[in-house]
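The next block holds one structure in the form of structure tokens; read it before the comments.
Only this structure's heavy atoms are used, side chains among them; waters, hydrogens and symmetry mates stay out. Ligands are counted one by one from 1 in listed order, and the atoms in each one are counted from 1 as well.
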Amino acid sequence: SAKDQGRNAYCLFEPSMNRGAHEELALTQDLRRALANQEFSLHYQPKLRAPAGPLMGVEALLRWHHPEQGMVMPDRFIPLAEKTGLILEIGRWVINEACRQLAQWRAQGMEVPSVSVNLSATQFRSPGLFGKIRDALEANGVPASSLVLEITESTAMHDPDASLAILQRLSELGVGISIDDFGTGYSSLLYLKRLPASELKIDRGFVRDLVAGGEDAAIVSAIIALGRTLNLAVIAEGVETAAQQDLLTELGCTSLQGFHLGRPCPATEFAARLA
Ligand code: C2E
Ligand code: MG
Ligand code: MG
Ligand code: MG
């Protein structure tokens, strides 16, 4: 009966482990094979000069095409990749693929000023990072100034002295540095002043209710003023409406990114849209 089946199905799970833990374990095992099975791809989202262009660059966002589950989003598997250390290999693939795609677009005559790649905390602190980036740029003939590395504010401020040393080395290479999800961490302004960053990216948490008339507009204005003082570009993420686009432009945001301006999509679709 259905009741028995239900009971049997339930018994498949160890009493000590909940369903979530089982799924996580299974997903982690699949993740170990994902790179070899070529299950990853990058989607690209435009970063536009406010209010509506030109194109300042694109952000590469990782997608996992799981053989049974379909597309798995990074918030579900990046933490697993971090925990297992797989992020280092996956991250290397991402950096190289983003550079390869940028070079291909340029060879096709498309004007894409830069590609941004997200780095997780483990990647950022790994000793091999500098070499991987230099190799990917060289192998694909991409100038360092065309690559932007996005690290979250929390990652940058976790061990500020160590971060400063890593970022200095990277910026000497000539790559851009974007402080992602800005406003959600705990920045020391003294450190922020010294960080060789090129961009602050306002977290979408401040954009969501921006137009509603609460304190978010004042916070966004403060971040923009900070960016001006430190000579950093300020981009807002998560722009979903024309009203947000207008207000962010009025407040002085340099660039905008969000579903309203362009959803992340595969490289071929992005090229078609740009054309
Ligand atoms: P993030 O770097 O802050 O990326 C922005 C996220 O917001 C992306 O989600 C993007 O698809 C989504 N987004 C863009 N516009 C809008 C909008 O208007 N509204 C809303 N609600 N969302 C919008 P995604 O692709 O799921 O990525 C989530 C996070 O996963 C990223 O946050 C980043 O931290 C991480 N991630 C993505 N790709 C990579 C990667 O290659 N390596 C590493 N280490 N992390 C990655
Ligand atoms: Mg990002
Ligand atoms: Mg972000
Ligand atoms: Mg984020």
At their closest point, which heavy atom of [X] faces which heavy atom of [Y], and how far apart are they?
X: V207; Y: A236; answer: CG2-CB, 4.1 Å
X: G238; Y: R204; answer: CA-CB, 3.7 Å
X: A156; Y: S163; answer: O-OG, 2.8 Å
X: F182; Y: E153; answer: CE1-OE2, 3.5 Å

**Three-point angle E59:OE2, the Mg ion (ligand 2), E150:OE1, rounded to the nearest 10°** = 90°
What is the distance from atom [atom1] of [X] to atom [atom2] of [Y], rounded to the nearest 0.5 Å?
X: L195; Y: L167; atom1: CG; atom2: CG; answer: 6.0 Å
X: I235; Y: R49; atom1: CD1; atom2: CZ; answer: 10.5 Å
X: I78; Y: L86; atom1: CD1; atom2: CG; answer: 10.5 Å
X: N118; Y: I95; atom1: CG; atom2: CD1; answer: 10.5 Å
X: L119; Y: K132; atom1: CG; atom2: NZ; answer: 10.0 Å

Below 4.0 Å from ligand 1: does a non-hydrogen atom of [X] turn up there or not?
X: G91; value: no
X: H260; value: no
X: R63; value: yes

Quick check on contacts: which atoms of ligand 1 are under 4.0 angstrom from a heavy atom of [X]?
X: D180; result: 1 (P), 2 (O), 3 (O)
X: P74; result: 24 (P), 25 (O), 26 (O), 27 (O), 28 (C), 30 (O), 36 (N), 37 (C)
X: P264; result: 11 (O)
X: M73; result: 26 (O)
X: E59; result: 2 (O), 4 (O)
X: D181; result: 3 (O)

**Fill in**
Ranking I87, L62, D203 by closest non-hydrogen atom to atom 38 (N) of ligand 1, top hit is L62
**Message:** Judged on heavy-atom distance to atom 46 (C) of ligand 1, which of L256, T241, N118 sits nearest?
**Reply:**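 Of the listed residues, N118 has the closest heavy atom.
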Which segment of [X] sits under 4.0 Å of ligand 1 when only heavy atoms are counted:
X: T152; answer: neither
X: V239; answer: backbone
X: I78; answer: side chain
X: K201; answer: neither
X: Q45; answer: side chain
X: Q123; answer: side chain
X: V94; answer: side chain

Please check if the number of heavy atoms outside [X] that lie under 6.0 Å from its [atom1] is greater than 12.
X: N231; atom1: CG; result: no
X: R273; atom1: CZ; result: yes
X: Q108; atom1: CD; result: yes

**Message:** Let me check your reading of the structure: within less than 2.8 Å of the Mg ion (ligand 2), is there an N/O/S atom from S116?
**Reply:** no
**Asked** Would you call R92 and E89 a salt bridge, using N to O less than 4.0 angstrom?
**Response**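 E89 and R92: not salt-bridged.
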**Request:** Quick one: report the N, O or S atom of D180 that is nearest to the Mg ion (ligand 3).
**Result:**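 Closest N, O or S atom of D180 to the Mg ion (ligand 3): OD1.
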Would you check the N or O atoms of [X], main chain and side chain alike, for any that come under 3.5 Å of an N or O of ligand 1?
X: G258; result: no
X: E237; result: yes
X: L119; result: no

**Prompt:** Which one of K47, E199, E59, K201 satisfies the side-chain hydrogen bond (donor to acceptor under 3.5 Å, both in side chains) criterion with S178?
**Reply:**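 Answer after filtering K47, E199, E59, K201: E199.
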**D203 near the Mg ion (ligand 3): N/O/S under 2.8 Å** = no
**Asked** Hey, does the side chain of Q245 reach the backbone of P51 with a donor-acceptor pair shorter than 3.5 angstrom?
**Response**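 The answer is yes, because a donor-acceptor pair under 3.5 Å joins these two groups.
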**Prompt:** How wide is the angle at the Mg ion (ligand 3) between OD1 in D181 and OE1 in E237, to the nearest 10°?
**Reply:**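 That angle works out to 140° after rounding to 10°.
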